[in-house]
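First up is the structure itself, then whatever we jot down about it.
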2 protein chains.
Amino acid sequence: MAGRRSRAVTISDVASLAGVSIATASKALNGKDDVRAETRMRVLAAAEQLSFQPNALARGLLSGQTRTVGLLTSDSVGRFGIPVLLGAEDAFGAGEMAVMLCDARGDSIREQHHIRTLLSRRVDGLIVVGESTDPRPSISRDLPIPVVYAYAPSDCSDDVSFVPDDVDGAGLATRHLLAMGRRRIAHITGPLDYKAARDRAEGLRAALADAGLAQVGETLSGAWSQRWGRHAAEMLLMAEPEIDAVVCGSDQIAAGFIEAARERGRRVPDDVAVVGYDNWEVLSTETRPALTTVDMNLETLGRTAAQHLFAAIDGRATPGVHRMPCRLVIRDSTGPRSSQ
Amino acid sequence: MAGRRSRAVTISDVASLAGVSIATASKALNGKDDVRAETRMRVLAAAEQLSFQPNALARGLLSGQTRTVGLLTSDSVGRFGIPVLLGAEDAFGAGEMAVMLCDARGDSIREQHHIRTLLSRRVDGLIVVGESTDPRPSISRDLPIPVVYAYAPSDCSDDVSFVPDDVDGAGLATRHLLAMGRRRIAHITGPLDYKAARDRAEGLRAALADAGLAQVGETLSGAWSQRWGRHAAEMLLMAEPEIDAVVCGSDQIAAGFIEAARERGRRVPDDVAVVGYDNWEVLSTETRPALTTVDMNLETLGRTAAQHLFAAIDGRATPGVHRMPCRLVIRDSTGPRSSQ
DNA sequence: CCCGTTTCCGAAAACCTTTCAGAAGCAGCC
DNA sequence: GGCTGCTTCTGAAAGGTTTTCGGAAACGGG
């Protein structure tokens, strides 16, 4: 309240308090070696006393670098966007970067608008984070700043994109099931117009093929929801009663499957082992038994994307779609069969 | 790629292309009425042709207004922070404001650091969003810009805070149960060192008292988790078998309760009606039956906070803790008893 | 006394925009 | 012709910082 309307303190206030010129004050504050130690001390003391903060606008105007990046979420910041965003914010916060958040809500008009205002604010770079792993239109064309895509890759191969390696993620899950002695493995997943669903199905098939096995039954494709998981469980347990494991395309589906299996008297993991996907902890740790699931390391993905944006800003771009490894979180739903 | 290293186009480029002075170009672009219609056309055409974007830094340096606000999340952007953040971003996006996102991860050192850099970037105002409804330390003292607190109120009553009205929220739930003919109502909630838990318990008691009733049994306080919901359900159904409704402090607890009640053969809602809290849709729409629950309207809360920050920036502050109404979302878990 | 060197500091330019004061041109009026 | 007033435009300043360049001072060597 007190000094709310008082003019902000500038470097010239510091300079006059220290009894030097503005130029000298600037050099002292920025560690240039053109100033006597004693003078530097005086300037630093003055700055401290006035709690001087250099005006980032003036600095950016001069240097052309704002130390700010735009974070553009195409679809309303959602379940997958959040961790990516956190990771990016983390990487930037470590330096002296700031993040401007813009949410286009899936509207390309709004996206264009946000890009324009970010450009007018002279951000140094842009991270575009998507809501699914399906490729999205590139915006890099004609932009004077580097762009990095996270989670959803750009459809232009010259751009820099980071996506989770869903094929390998499903492979991890499958190989774990095989190692636990499961052989009759089925697959329930979400809508096949999601690349994530297709990649995971492919990873499962490939891992089974490597072991000389085939998937039991067709891939059951529905929604990503718990409801679909229950429904699919009923169909699957009816049609293929001999299965001993199921790989689910999401934790929600897995939670639904476990619930329905339990009600039909199938024990998890004794009769059927279950693997989820996403490691959405509110679900994966609360199912009974707790869910073995694939974690896409989204925070790491976001952090990596941010670091590569740094590099691109420094002129060291790394074009291409980079697939980031997933991690299997082993809990109880894939435990050994009880010996009984 | 093409013009990546080309200098950005400035107003003087526009001016010289249009054959006028910089001052005239500026006035033409900003709609000042000091310029002939024909000249204005020429300038606008030139700006269009060069796709000129005024440099927000220079503009901000001059005007002292950056049209940017800081959004400071004290605890890592979490379940409650997200919708608030979205609402705020929405309100700002409608104007020409931009949002700088900073996450202090619950560390007050980091918070101070972020505040300093936001100040050096000359943001026009600050929204502080918390992770619980417990009051948090004020940062408004000595800050030259207005601050609005969302979800977690400031501990200083001169500040502007927006919190959900949890007392009334629990009252809504309770009155709904009473209207459905329930009379023996119990309460399961999270840790009582959360103000949210205490407020909701109080709202329940008050609404019951208004109807001349008392709560059945003590308030069962545990974690916010599904696991605790199951455990509490077992204790409660044992100790107070005659209950006909339960108000839960969170959707997670409610989901656990429903699951456990179902396993013990209690039908929901026929035998026991259940109300949750939070309207966390991944849970509340997926329980069987779907959950009647209290929605805190967090997006509205965020949007309102942003609008009041606008007002405060314009010098029209509205001090105090503003309690925002909740909304009851009625689903099947509180349906009428079947007549059998 | 002159010159060159080193050390420290200050003046000014540059970044880009907006605004203010004022200039140029012109019409109308005494 | 001179003055006023109006319209339309321009030059310059301001905003805060960094950087470049040059100047001043001190000092030693010739």
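All figures in this text were calculated on a predicted structure; none of them were measured in a lab. To find a chain, count down the sequence lines: A is the first, B the second, and so on, and within it residues start at 1. Basis for what follows: all heavy atoms, side chains included, without hydrogens, waters or symmetry-related copies.
Inspection of the B:Thr68 and A:Arg121 side chains reveals an N or O donor paired with an N or O acceptor under 3.5 Å. Side-chain atoms of B:Asp159 and B:Ser138 form a donor-acceptor pair, as typed in the model, at a separation below 3.5 Å. No hydrogens or angles considered: nothing links the side chains of A:Thr117 and A:Ser120 as a donor-acceptor pair under 3.5 Å.
With respect to the salt-bridge test (charged N to carboxylate O, under 4.0 angstrom), the residues A:Asp295 and A:Arg327 qualify. Residues A:Asp103 and A:Arg105 are paired through a salt bridge, judged by an N-O separation under 4.0 Å between the basic side chain and the carboxylate. Salt-bridge annotation for A:Arg316 and A:Asp314: present, with a side-chain N of the basic residue lying under 4.0 Å from a carboxylate O of the acidic one. Electrostatic pairing of A:Glu111 and A:Arg116 does not count as a salt bridge here, judged by no charged N lying under 4.0 Å from a carboxylate O.
Of the residues in residues 50-58 of chain A, not one places a heavy atom less than 4.0 Å from an atom of DNA chain C. For the contact set between residues 59-69 of chain A and DNA chain C, defined by any heavy atom under 4.0 Å, the members are A:Leu61, A:Leu62. A heavy atom closer than 4.0 Å to some atom of DNA chain C occurs in no member of residues 34-47 of chain B. Of the residues in residues 18-33 of chain A, those with a non-hydrogen atom less than 4.0 angstrom from any atom of DNA chain C are A:Val20, A:Ser21, A:Ala23, A:Thr24, A:Lys27.
A 4.5 Å side-chain heavy-atom check between A:Tyr151 and A:Thr133 finds at least one atom pair inside the cut-off. The side-chain heavy atoms of B:His113 and B:Ile109, taken from C-beta on, include no pair separated by under 4.5 Å. Residues A:Leu301 and A:Pro164 form a side-chain contact, since some pair of their non-hydrogen atoms from C-beta on lies under 4.5 Å apart.
Scanning DNA chain D 5' to 3' for nucleotides with an atom closer than 4.0 angstrom to a non-hydrogen atom of chain B gives a first and last hit of D:dT8 to D:dG16.
B:Pro83 pairs in a side-chain contact (heavy atoms from CB on, under 4.5 Å) with only one of the listed residues (B:Thr300, B:Leu298, B:Asn297), which is B:Leu298.
Scanning all heavy atoms of the two residues, the minimum distance from A:Ile127 to A:Ala150 falls at CG2-CB, 4.4 Å. Contact between A:Val69 and A:Met97 at its shortest, heavy atoms only, is CG1-SD, 4.0 Å. The minimum heavy-atom distance linking B:Val14 with B:Ala47 is given by the pair CG1-N, 3.8 Å.
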Evaluate the criterion side chain to side chain contact (heavy atoms under 4.5 Å, CB included) for residue pair A:Thr39 and A:Val20; output intermediate values, then yes/no. CA-CA 8 Å; A:Thr39 311; A:Val20 298; 3.7 Å; yes
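The C1' atoms of five pairs define one axis at each end of the helix from C:dC1-D:dG30 to C:dC30-D:dG1, and these two axes lie 90° apart (to 10°).
Classified by interplanar angle (parallel below 30°, tilted 30° to 60°, perpendicular above 60°), the ring pair A:Phe92/A:Phe310 is perpendicular.
Between atom CG of residue A:Asn55 and atom CD of residue A:Gln53 there is a gap of 10.0 Å, rounded to the nearest 0.5 Å.
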